Amino acid sequence: MMGNNLPPANEVISLYRSNNIRRMRLYDPNQAALQALRNSGIELILGVPNPDLQALATNADNARQWVQRNVLNFWPSVRIKYIAVGNEVNPVGGSSSYAQFVLPAVQNVYQAIRAQGLHDQIKVSTAIDTTMIGNSYPPSQGSFRGDVRSYLDPIIGYLLYAGAPLLVNVYPYFSYSGNPRDISLPYALFTAPNVVVRDGQYGYQNLFDAILDAVHAAIDNTRIGYVEVVVSESGWPSDGGFGATYENARVYLDNLVRRAGRGSPRRPSKPTEIYIFGMFDENGKSPEIEKHFGLFNPNKQKKYPFGFGGKRDGKIVIDDFNATNSLKSDM
């Protein structure tokens, strides 16, 4: 939504539906967007913005009121699937001031949802980025950084208890652009012809699967228990930085849509649920590269020729107006 030229909410919903996009991520409970989502059939990840975490963490009444205003007032005509309580909060770094509030905010929102008997339909979680991973190579040796374990382990314990997935933002683009000497472009774009990384019984032909399985392994290696991962963002910019070209973005995103119909080598039995970032190019973002992640132009024209639906390719979800597309298989 960070642009001064973006279409109104009702037109965005129509654009989703005409492109067979069945899921959305909203980064805050924008009331116009929630109203427009009524009876659309679109499933939703609804975000609690980081600046709101403290109020929800320190006062259960605040959390109940937030749930009433933004969830119960719209349920079930808005099909809220997940509530993402905070996005990319890290106890080490720029967002560290929020870290102490994430788990108590998650728990207070969960209790408000549970009090309504909706905890099996609406799962409460948080979204992390992959800077939390200390070791990611080979993927089976994936582990979280030592300095985030005291933050993340209790969150994973809660997710296990609540039967909720961990939301993870996965960007092969940033891994590639940060280390093109060791990471080949075809490996990052899903176009490598053969296995690139052999890891015991698993073979990796693309970086997305390797990153995702490093997260799976990191969760497993905490020994807390089995928690699923939903990829709550992935994308590739078409301009504004190293490797950020229209052609690279087209190839990555097209292959990501195709990838959504299957699981990862470490978790093959269930298709990975993937949300693409983002719906539109956003001219209010900075730095420059952040302006160019859209699947659509602000005039609602598709930037790329591929589709998002169809019987074999799976469903795609778009990250909100900041749209995220969720890729979920129909197969």
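Nothing here was measured: the structure is a model prediction, and the numbers come from that model.
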d(Ile45 CD1, Ser232 OG) to nearest 0.5 Å is 6.0 Å
Next item on the list: Examine Val197 and Val195 and state if one hydrophobic cluster contains both, with Ile, Leu, Val, Met, Phe, Trp and Tyr joined whenever side-chain heavy atoms are less than 4.5 Å apart.
Entry: no
Of all heavy-atom pairs linking Ile211 and Pro172, the shortest is CD1-CA, 4.0 Å
- Could you give me the CA-CA distance, side-chain angles and deciding distance for Leu37 and Leu44, then say whether side chain to side chain contact (heavy atoms under 4.5 Å, CB included) is met? CA-CA 9 Å; Leu37 280 162; Leu44 182 66; 3.9 Å; yes
CG (Leu15) and CD (Gln301) are apart, to the nearest 0.5 Å, by 9.0 Å
Salt bridge (Lys or Arg N to Asp or Glu O under 4.0 Å) pairs touching residues 133-148, sequence neighbours excluded, are Arg145-Asp147
For Asn221, the side chain to side chain donor-acceptor pair (under 3.5 Å) test, sequence neighbours excluded, returns none
Residues passing the ring pair (Phe, Tyr, Trp, His ring centres under 6.0 Å) test with Tyr158, sequence neighbours excluded, are Tyr110
Shortest non-hydrogen pair, Ala217 vs Ser140, comes out as CB-O, 3.7 Å
Output yes when a side-chain donor or acceptor of Glu233 lies under 3.5 Å from a complementary backbone atom of Asn169, and no otherwise. no
Interatomic distance, CG@Leu185 vs OG@Ser177, rounded to 0.5 Å, equals 11.0 Å
For Glu290, the salt bridge (charged side-chain N to carboxylate O under 4.0 Å, His left out) test, sequence neighbours excluded, returns none
Here the salt bridge (Lys or Arg N to Asp or Glu O under 4.0 Å) pairs for residues 208-228, sequence neighbours left out, are Asp209-Arg259, Asp220-Arg266, Asp220-Arg267, Glu228-Lys270
Heavy-atom side-chain proximity of Pro139 to Tyr204 below 4.5 angstrom:
yes
Check for me, please, whether Ile122 and Tyr161 land in the same ILVMFWY cluster - side-chain distances under 4.5 Å, paths through other members count.
yes
**Request:** Please lay out, stage by stage, how Met2 and Lys285 fare under the test side chain to side chain contact (heavy atoms under 4.5 Å, CB included).
**Result:** CA-CA 6 Å; Met2 296 180 67; Lys285 285 262 187 89; 3.5 Å; yes
ask   = Hey, does Leu46 have a side-chain heavy atom less than 4.5 Å from the side chain of Leu34?
value = yes
Quick one: does Asn179's side chain have a donor or acceptor within less than 3.5 Å of a partner on Ser175's backbone?
-> no
Contacts satisfying ring pair (Phe, Tyr, Trp, His ring centres under 6.0 Å) that involve residues 123-147 (not counting sequence neighbours) are none
Residue pairs passing the ring pair (Phe, Tyr, Trp, His ring centres under 6.0 Å) test with at least one member in residues 36-55, sequence neighbours excluded, are none
- Item | Arg23/Glu43 salt bridge by N-O under 4.0 Å criterion | yes
For Ala32 and Asn30, the nearest pair of non-hydrogen atoms, with its separation, is N-OD1, 3.2 Å
Discussion item. Assess the residue pair Gln31 and Asn70 against the criterion (side-chain hydrogen bond (donor to acceptor under 3.5 Å, both in side chains)); give the C-alpha distance rounded to whole Å, side-chain angles, the decisive distance to 0.1 Å, and a yes or no.
Written reply: CA-CA 8 Å; Gln31 297 295 296; Asn70 302 307; 2.8 Å; yes
When you measure from the side chain of Asn135 to the backbone of Ser143, do you find a donor-acceptor pair of N or O atoms at a distance under 3.5 Å?
no
**Request:** Answer yes or no: is there a donor N or O on one side and an acceptor on the other, between the side chain of Ser95 and the main chain of Asn90, under 3.5 Å?
**Result:** yes
Legend entry - Residue pair Thr126 / Val89, side-chain heavy-atom distance below 4.5 Å: no
The side chain to side chain donor-acceptor pair (under 3.5 Å) partners of Asp153 (sequence neighbours excluded) come to Arg149
- Looking only at atom types and distance, does a side-chain atom of Asp239 sit under 3.5 Å from a main-chain N or O of His292, one as donor and one as acceptor? no
Val85 side chain near Ile83 side chain, heavy-atom distance below 4.5 Å
yes
Steps toward side chain to side chain contact (heavy atoms under 4.5 Å, CB included) verdict (Ser40, Tyr16): CA-CA 9 Å; Ser40 65; Tyr16 267 68; over 6 Å; no
Problem set entry | Sub-4.5 Å side-chain heavy-atom contact between Arg79 and Ile42 | no
So CG of Asp129 and CG of Leu167: to nearest 0.5 Å the spacing works out to 12.5 Å
- Task: Decide whether Tyr275 and Glu273 meet the rule of one side-chain donor and one side-chain acceptor closer than 3.5 Å.
- Result: yes
Open item on the list: What verdict does the side chain to side chain contact (heavy atoms under 4.5 Å, CB included) test give for Leu295 and Ile21, after you've listed the backbone C-alpha separation in whole Å, the side-chain angles of each residue and the deciding distance to 0.1 Å?
Closed with: CA-CA 12 Å; Leu295 290 171; Ile21 299 165; over 6 Å; no
Show me the side-chain donor-acceptor pairs of residues 186-194 shorter than 3.5 Å, one per line, residues at least two apart or across chains.
unit_1, atom_1, unit_2, atom_2, d
Thr191, OG1, Pro186, O, 3.4

CG of Asn283 to CG of Leu6, rounded to nearest 0.5 Å, is 7.0 Å
>> I want to check something: taking the side chain as every heavy atom from C-beta on, are Val257 and Ile276 in contact at a cut-off of under 4.5 Å?
In response: yes
Is a side-chain donor or acceptor of Ser14 paired with a backbone partner of Asn10 at a separation under 3.5 angstrom?
-> yes
Review point. Any donor-acceptor pair under 3.5 Å linking the side chain of Lys302 with the backbone of Phe306?
Key: yes
For Ala249 and Pro237, the nearest pair of non-hydrogen atoms, with its separation, is CB-O, 3.9 Å
Exercise for review: Taking Gln121 for its side chain and His119 for its backbone only, find out whether a donor-acceptor pair lies under 3.5 Å.
Suggested key: no
Check whether any side-chain heavy atom of Val71 lies under 4.5 Å from a side-chain heavy atom of Ile113, and answer yes or no.
yes
So ring pair (Phe, Tyr, Trp, His ring centres under 6.0 Å) across residues 226-246, not counting sequence neighbours, yields Tyr173-Trp236, Tyr176-Phe242, Trp236-Tyr252, Tyr246-Tyr304
Counting C-beta onward and ignoring hydrogens, is there a side-chain heavy-atom pair between Val230 and Leu166 closer than 4.5 Å? no
So CG of Leu159 and NZ of Lys123: to nearest 0.5 Å the spacing works out to 10.0 Å
* Salt-bridge present (Asp281, Lys303; N to O < 4.0 Å) -> yes
Donor-acceptor contact present, side-chain Asp254 to main-chain Arg250, <3.5 Å: no
Practice item. Go through the side-chain N and O atoms of Arg22 and Asn20 and say whether any donor and acceptor fall under 3.5 Å apart. Key: yes
For residues 52-93, the ring pair (Phe, Tyr, Trp, His ring centres under 6.0 Å) pairs (sequence neighbours left out) are none
Test item: Asn59 side-chain N/O and Asp61 main-chain N/O as donor-acceptor pair under 3.5 Å: yes
Discussion item. I'd like to know if the side chain of Arg25 pairs up with that of Asn87 as donor and acceptor (distance under 3.5 Å, no hydrogens or angles considered).
Written reply: yes
Residues passing the ring pair (Phe, Tyr, Trp, His ring centres under 6.0 Å) test with Phe101, sequence neighbours excluded, are none
